[in-house]
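Proteins get letters first, then strands, A, B, ... in listed order; numbering begins at 1 in each. What you see is a predicted model; the values in this text were computed from it and never measured.
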Amino acid sequence: MNIETTLKEDIRVAIRQCFDTAVEEIILQPTKKEFEGFYTFVTFALTKALRRSPADIGQAIGTYLAEHSSVVSTFNVVQGFLNISLKDSTWLELLRAMRAEGTFGTQPANGQSVMVEFSSPNTNKPLHLGHLRNNFLGDSVARILTANGYEVVKTCLVNDRGIHICKSMLAYRELGRGETPESSGIKGDHLAGKYYVEFDKTYKKQIAELVAQGTSEDEAAKKAPWMQEAQQLLLKWEQGDPETVALWHKMNGWVYEGFEQTYRKIGVSFDKTYYESDTYLLGKDIIEEGLRQGVFYRKEDGSVWIDLTEEGLDQKLVLRGDGTSVYITQDLGTTELKYSDYGNDRYIWVVGNEQDYHFNVLFAILKRLGRAYADGCYHLSYGMVDLPSGKMKSREGTVVDADDLIETMRQTAETRTRDLGKIEDFASEEAQQLYNTLALGALKYFLLKVDPKKRMLFNPEESIDFQGHTGPFIQYTHARICSILRKAEQLAIAAEVPSHERPLHAAEQDLIFYLSLYPSRVQAAGQELAPSLISLYAFELAKVYNQFYAEVSIFADPDPQAVQLRVALSAVVAKTIKHSMELLGIEVPERM
RNA sequence: GGUCCCGUAGCUCAGUUGGAUAGAGCAUCUGCCUUCUAAGCAGACGGUCUUUGGUUCGAAUCCAAACGGGAUCACCA
């Protein structure tokens, strides 16, 4: 039963009966807190057609509903706003339906498949806070789409080759003295990152020297010995030089071990990992095809271009003069590969908004080439995580390291939990588990509560909160409910919704109302690809429950049916909180 | 310079696609643990929704311009 649909239908009938007029679409909004009621129908739009005052219209519809609707109890009209309340029997019926539905909030399979590509790290540096936003977003979007009935394939395209990789390889070869993760005790990805920074230091020094000798800035950047050597190294790698390839394998291996640890820690995984070293040569045949079709054109120097000025974009290079690929060439090839591997209906790339232009170009080219899957392609463009000082830059060391941040959060969780002293009977392993759950809950929630499209600010000076609009607040509410449910079990009180009508407490009505919104929120989040909608919902629901908890005593009520109802209601809230948090990739503890 | 985003409380963010007196959290202040977990609840304080025009019964929301911030416009990825 969908209460909104029922109500809208009843309003449609009311308008027909009262005014002999058919209305195409009825829109309801939640009633504001300061007014009585749960659903509000705005009548202003009807005034012209009906030639009546907004208040008259509201009064007439309200009266009709109160008399004829099977779900409406009372109403009030404020200006042009018709505020509607539901019968307690309707609330109870809604609650029963939610309890009966094992998959509350999820949609049945829709027969469509979607690929979500996210994370896509570079193997020359460890993950930072920006990567975490990407990972959590991609992971959550995949979960949300699954809940919406899609078959989801999570993929990761590892950027494991290129000049930047060669830079850290070169610096390691020159300065590394055979250092390994084992010998240094440094996690593999951090070790590679260390030499990437080392490269930059030496490189900058070399540029400065050249400039001091009178070379121009631009030229110095090109002529600096290490830049030249890095390029040589890239060439050697492409030619398969055994020594270079061996070093590449060794260092990337370290990085993968490091990444694997981090991924495991944050609970992110992939169904398929693509490596750019396997795919970077793809796409050239597509260029040939496009040339034959006249989609691309060749300049005298041999380079291949596309003119996208009609689409509001520019002329864009798709193949270098020497016949080698550029970024867009590889992406064309990789997209084709994904399609031939999986044949999905939709493709989503979770990539920062700094690449908006690139994806506009990519999709425009796919359309020009007449690819059927082009329409299913979508760039989930998310905003950067900025620091108060501005953008994070790996080379300059102005990044918030993912592993460090997680460890800091874990420590905070531990300190706070210890201070509160609620889990003194926990085994040490159990306690560690809880600290992790809370730390990751706080961190994930912090990054997922903001609209993905918007850039967001992280201030390292201010730690991420564990109180208020946070993950731990929601986790706490869940633990609280679990405590109630444990007590109910001890007292042998069954969770049951009374079959007959009984007057409900306002806080109970509020809770059932919020619960009833959940499926539509999951759908909206799926449509918008916005985990923030789920985040916000979980918070609101937890807040409403805490209000209920403070206002209503669950076990002290003399009416046993009231107690059973409140236990049942609590159980549904716990289930819904858990489910919504799962969609965010956040675990909820039973005690904390 | 072209294109594209963004501008809401001291700070971080919502605002259900044009509706009521613009909402949360943090911070500050005041109450509430002998009762189901106080990581909580209740309340106070806090706003020229950057500005100026326009569209209409009605604008934070739509349109235009200005100001401010950011991204991008590589034979880098």
Side-chain angles (χ1 to χ4, degrees), chain A residues 27-35 40 42-45 47-48 54 78-81 83 122 159 161-164 276 280 299 301-305 312-314 316-322 324-328 330-331 352-358 360 381 383-384 386 390-391 413 416-417 419-420 422-423 438 442 446 449-451 453-459 462 465-477 479-488 491 517 520-521 524 532-533 535-536 539-540 542-543 546-556 566-567 570 591-592:
Chain A
I27 295 170
L28 290 175
Q29 55 189 37
T31 304
K32 296 200 134 202
K33 278 195 196 109
E34 60 259 46
F35 300 99
T40 294
V42 184
T43 62
F44 291 105
T47 50
K48 260 188 200 158
V78 183
Q79 298 169 46
F81 298 89
N83 301 321
N122 291 340
N159 189 237
R161 63 160 288 280
I163 188 74
H164 49 291
E276 209 191 282
Y280 82 105
K299 285 190 178 173
D301 63 1
S303 59
V304 181
W305 295 73
L313 305 164
D314 305 288
K316 194 75 195 163
L317 177 97
V318 294
L319 198 68
R320 291 197 188 100
D322 62 7
T324 57
S325 310
V326 288
Y327 183 36
I328 197 88
Q330 296 172 38
D331 257 7
N353 62 10
E354 54 195 357
Q355 293 196 35
D356 284 355
Y357 181 78
H358 170 75
N360 283 335
S381 160
M384 298 287 104
D386 288 329
K391 213 179 158 181
R416 288 201 66 97
T417 307
D419 287 350
L420 291 169
K422 292 178 183 175
I423 59 154
L438 295 177
F446 176 80
K449 75 173 173 181
V450 181
D451 183 339
K453 290 188 177 62
K454 295 195 177 172
R455 61 189 271 253
M456 61 182 293
L457 193 86
F458 175 77
N459 188 348
E462 302 165 11
D465 275 322
F466 281 66
Q467 282 169 347
H469 189 184
T470 66
F473 170 89
I474 302 164
Q475 291 172 317
Y476 169 73
T477 308
R480 227 182 189 189
I481 299 174
C482 287
S483 177
I484 293 286
L485 298 179
R486 279 193 299 271
K487 183 168 177 182
L491 299 174
L517 298 177
S520 64
R521 292 296 178 94
S532 56
L533 297 180
S535 310
L536 203 65
F539 173 64
E540 283 172 344
K543 207 162 61 156
N546 281 324
Q547 285 161 1
F548 160 81
Y549 184 94
E551 242 176 88
V552 178
S553 171
I554 293 171
F555 294 106
R566 286 166 193 167
V567 171
S570 298
R591 286 186 57 191
M592 66 183 271

Engineer: Taking the minimum atom-to-atom distance to the side chain of A:L536, which one of B:U37, B:C76, B:A14 wins?
Structural biologist: B:A14

Engineer: Is the base of B:A20 touched by the side chain of A:N83 through a donor-acceptor pair closer than 3.5 angstrom?
Structural biologist: yes

Engineer: Give the rounded distance in Å between these two atoms: CD1 of A:I27 and C1' of B:A20.
Structural biologist: 16 Å

Engineer: From C-beta outward on A:R591, which listed nucleotide comes closest to its side chain: B:A71, B:U37, B:A77?
Structural biologist: B:U37

Engineer: So what does A:T417 hit on the nucleic acid, given a heavy-atom distance under 4.0 Å: a base, only sugar-phosphate, or nothing?
Structural biologist: base

Engineer: Between A:Q330 (CD) and B:C75 (P), how many Å, whole number?
Structural biologist: 15 Å

Engineer: May I ask you to test the A:R455-A:K391 pair for a side-chain heavy-atom distance under 4.5 Å?
Structural biologist: no

Engineer: Look at the side chain of A:K32 and decide which nucleotide, out of B:A14, B:A22, B:A77, has an atom nearest to it.
Structural biologist: B:A22

Engineer: Would you say whether A:Y476 stacks on B:G40? The test is a distance between ring centres of less than 5.5 Å and an angle between planes of less than 30°.
Structural biologist: no

Engineer: With a non-hydrogen cut-off below 4.0 angstrom, is A:G321 in contact with a base, only sugar-phosphate, or nothing?
Structural biologist: base

Engineer: Rounded to the Å, how far apart are A:D451 CG and B:G23 P?
Structural biologist: 21 Å

Engineer: Quick one: sort the A:F458 and A:F446 rings into parallel, tilted or perpendicular, breaks at 30° and 60°.
Structural biologist: perpendicular

Engineer: Counting heavy atoms from C-beta on, name the nucleotide in B:G25, B:G19, B:G23 closest to the side chain of A:E34.
Structural biologist: B:G23

Engineer: Taking any strand in view, what nucleotide pairs with B:U56 in a Watson-Crick or G-U wobble way, both distances under 3.5 Å?
Structural biologist: none

Engineer: When the C1' atoms of B:C41 and B:C36 are considered, how many whole Å apart are they?
Structural biologist: 14 Å

Engineer: Given the C1' atoms of B:G68 and B:U8, what is the spacing between them in whole Å?
Structural biologist: 15 Å

Engineer: Which is true for A:I554 with a 4.0 Å heavy-atom rule: it touches a base, it touches only sugar-phosphate, or it touches nothing?
Structural biologist: base

Engineer: Are the side chains of A:N353 and A:M384 in touch, meaning some heavy atoms are under 4.5 Å apart?
Structural biologist: yes

Engineer: Tell me the interatomic distance from A:D465, atom CG, to B:C13, atom P, rounded to whole angstroms.
Structural biologist: 13 Å

Engineer: Side chain of A:F44: nearest nucleotide among B:G19, B:A77, B:A24?
Structural biologist: B:G19

Engineer: Which heavy atom in A:G468 sits nearest to a heavy atom in A:F539, and how many Å separate them?
Structural biologist: O-CE1, 3.8 Å

Engineer: Tell me which nucleotide, if any, is Watson-Crick or G-U wobble paired with B:C49 when both distances must be under 3.5 Å.
Structural biologist: none

Engineer: Contact class for A:E551 (heavy atom, under 4.0 Å): base, sugar-phosphate, or nothing?
Structural biologist: nothing

Engineer: Are a donor atom and an acceptor atom from the side chains of A:N546 and A:T477 found within less than 3.5 Å of each other?
Structural biologist: yes

Engineer: How would you label the contact of A:L319 with the nucleic acid (heavy atoms, under 4.0 Å): base, sugar-phosphate, or nothing?
Structural biologist: nothing

Engineer: Closest to the A:K391 side chain: B:A71, B:C36, B:G40?
Structural biologist: B:A71

Engineer: Please determine, for B:G43, whether a Watson-Crick or G-U wobble partner exists with both distances under 3.5 Å, and give it or none.
Structural biologist: B:C29

Engineer: Select base, sugar-phosphate, or nothing to describe what A:P30 touches, counting heavy atoms under 4.0 Å on all strands.
Structural biologist: base

Engineer: I'd like the P distance from B:A65 over to B:G23, given in whole Å.
Structural biologist: 32 Å

Engineer: Measure the distance from OH on A:Y549 to P on B:U37 and round it to the nearest whole Å.
Structural biologist: 5 Å

Engineer: Determine the contact category for A:M456: base if any of its heavy atoms lies under 4.0 Å from a base atom, sugar-phosphate if only primed atoms, P, OP1 or OP2 are that close, otherwise nothing.
Structural biologist: sugar-phosphate

Engineer: Among B:C57, B:C41, B:C36, find the nucleotide with the atom closest to the side chain of A:K48.
Structural biologist: B:C57

Engineer: Between B:G70 and A:K454, is there an OP1 or OP2 to side-chain N/O distance shorter than 4.0 Å?
Structural biologist: no

Engineer: By nearest nucleotide on RNA chain B, pick out whichever of A:V552 and A:A413 is the more 5' one.
Structural biologist: A:V552

Engineer: Send over the distance from A:H469 NE2 to B:G40 P, rounded to a whole Å.
Structural biologist: 12 Å

Engineer: What is the pairing partner of B:G18, taking Watson-Crick or G-U wobble pairs with both distances under 3.5 Å in any strand?
Structural biologist: none

Engineer: If only side-chain N and O atoms of A:R320 are considered, is one of them under 4.0 Å from the OP1 or OP2 phosphate oxygen of B:A74?
Structural biologist: no

Engineer: Mind listing the closest non-hydrogen atom pair of A:N122 and A:N159 along with its distance?
Structural biologist: OD1-OD1, 2.6 Å

Engineer: Taking only the C1' atom of each, what is the distance from B:A20 to B:C26 in whole angstrom?
Structural biologist: 28 Å

Engineer: Quick one: A:F473 CZ to B:U37 P, roughly how many Å, whole number?
Structural biologist: 16 Å

Engineer: Less than 4.5 Å apart, side chain to side chain, heavy atoms only: is that true for A:I27 and A:V42?
Structural biologist: no

Engineer: Determine: side-chain N/O of A:K543 to OP1/OP2 of B:G40, distance under 4.0 Å, yes or no.
Structural biologist: no

Engineer: Quick one: on RNA chain B, does A:F548 or A:Q79 contact a more 5' nucleotide (nearest heavy atom)?
Structural biologist: A:Q79

Engineer: My understanding is that a pair needs two contacts under 3.5 Å, Watson-Crick or G-U wobble. By that rule, which nucleotide pairs with B:A74?
Structural biologist: none

Engineer: Among B:A14, B:A77, B:G25, which nucleotide has an atom closest to any side-chain atom of A:Y327?
Structural biologist: B:A77

Engineer: side-chain contact (heavy atoms from CB on, under 4.5 Å) for A:I328 and A:H358? Distances and angles first, verdict last.
Structural biologist: CA-CA 8 Å; A:I328 197 88; A:H358 170 75; 3.4 Å; yes

Engineer: At under 4.0 Å between heavy atoms, what does A:S553 touch on the DNA or RNA strands: base, sugar-phosphate, or nothing?
Structural biologist: base

Engineer: Using atom CG of A:L457 as one end and atom C1' of B:G25 as the other, report the distance to the nearest whole Å.
Structural biologist: 16 Å

Engineer: Does A:K449 make a side-chain N or O approach to OP1 or OP2 of B:A14 shorter than 4.0 Å?
Structural biologist: no

Engineer: Roughly how far apart, to the nearest Å, are B:G58 and B:C67 at atom C1'?
Structural biologist: 28 Å

Engineer: For atom P, what is the distance between B:A22 and B:C45, given to the nearest Å?
Structural biologist: 14 Å

Engineer: Assign A:D356 to base, sugar-phosphate, or nothing according to its heavy-atom contacts below 4.0 angstrom with the strands shown.
Structural biologist: nothing

Engineer: Kindly confirm whether the side-chain ring of A:F81 is stacked on the base of B:A20, judged by centres under 5.5 Å and planes under 30°.
Structural biologist: yes

Engineer: Is any side-chain N or O of A:Q547 closer than 4.0 Å to OP1 or OP2 of B:A42?
Structural biologist: yes

Engineer: For atom P, what is the distance between B:A60 and B:G19, given to the nearest Å?
Structural biologist: 10 Å

Engineer: Using centres under 5.5 Å plus planes under 30 degrees as the test, is A:F35 stacked with B:A20?
Structural biologist: yes

Engineer: Under a 4.5 Å cut-off applied to non-hydrogen side-chain atoms, are A:M456 and A:D386 in contact?
Structural biologist: no

Engineer: Base of B:A20, side chain of A:T40 - is there a donor-acceptor contact under 3.5 Å?
Structural biologist: yes

Engineer: By the 4.0 Å heavy-atom rule, please label A:Y357 as base, sugar-phosphate, or nothing.
Structural biologist: sugar-phosphate

Engineer: Report yes if the side chains of A:S570 and A:F548 come closer than 4.5 Å at any heavy-atom pair, otherwise no.
Structural biologist: yes

Engineer: Does B:G7 have a Watson-Crick or wobble mate here (both distances under 3.5 Å), and if so which one?
Structural biologist: B:C67

Engineer: With rounding to whole Å, what would you report as the distance between B:U52 and B:C32 at their P atoms?
Structural biologist: 46 Å

